[in-house]
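Presented below is the structure to which this report refers.
FYI, the numbering just counts along the sequence from 1.
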Amino acid sequence: CHREDRIRQLLNDADRPLSVDQLQGMYLDHDGHPGSICAHPTGDSSSKTVASLISEPAAGRLHATFGSPCENEYTVYTF
């Protein structure tokens, strides 16, 4: 699956520790469309990204988009 290979590539190439901004950027990735991480419907498929979630358990934060992250901003929820 291209999506899995692509996220592995992005994670392997990323500086450590990973930041929330880096992760958000990864979830915006359209490389390999229509099999991209940020997926959108095409004429052949109705598959799409419906949400993106990044958790920071130690900080008590959850960053979430409802819908494609390239079309919606992340909202931060605290717990």
Does [X] reach the main-chain N or O of [Y] with its side chain, forming a donor-acceptor pair under 3.5 Å?
{"X": "T65", "Y": "S52", "result": "yes"}
{"X": "S36", "Y": "C38", "result": "yes"}
{"X": "H2", "Y": "D31", "result": "yes"}
{"X": "R61", "Y": "E56", "result": "no"}

(request) Answer whether the closest heavy-atom distance between the side chains of L53 and H63 falls below 4.5 Å. (result) no
(message) Between H40 and H30, is there a side-chain heavy-atom distance shorter than 4.5 Å?
(response) yes
[atom1]/[X] to [atom2]/[Y] distance, rounded to the nearest 0.5 angstrom?
{"X": "D21", "Y": "Y74", "atom1": "CG", "atom2": "OH", "answer": "10.5 Å"}
{"X": "L11", "Y": "L18", "atom1": "CG", "atom2": "CG", "answer": "6.0 Å"}
{"X": "Y27", "Y": "Q22", "atom1": "OH", "atom2": "CD", "answer": "12.5 Å"}
{"X": "Q9", "Y": "I7", "atom1": "CD", "atom2": "CD1", "answer": "10.0 Å"}
{"X": "S55", "Y": "F79", "atom1": "OG", "atom2": "CZ", "answer": "6.5 Å"}
{"X": "D29", "Y": "C70", "atom1": "CG", "atom2": "SG", "answer": "10.5 Å"}

(request) Could you state whether L62 and L23 fall into the same hydrophobic cluster, counting links through intermediate Ile, Leu, Val, Met, Phe, Trp or Tyr residues with side-chain heavy atoms under 4.5 angstrom apart? (result) no
(request) Work out which heavy atom in I37 is nearest to a heavy atom in R3; give both atom names and the distance. (result) O-NH2, 3.1 Å
(request) Check T49 against P69 and note the closest heavy-atom contact, atom names and distance. (result) CG2-CD, 3.8 Å
(request) For R8, look at atom CZ and say whether over 12 heavy atoms of other residues, nucleotides or ligands are found less than 6.0 Å away. (result) no
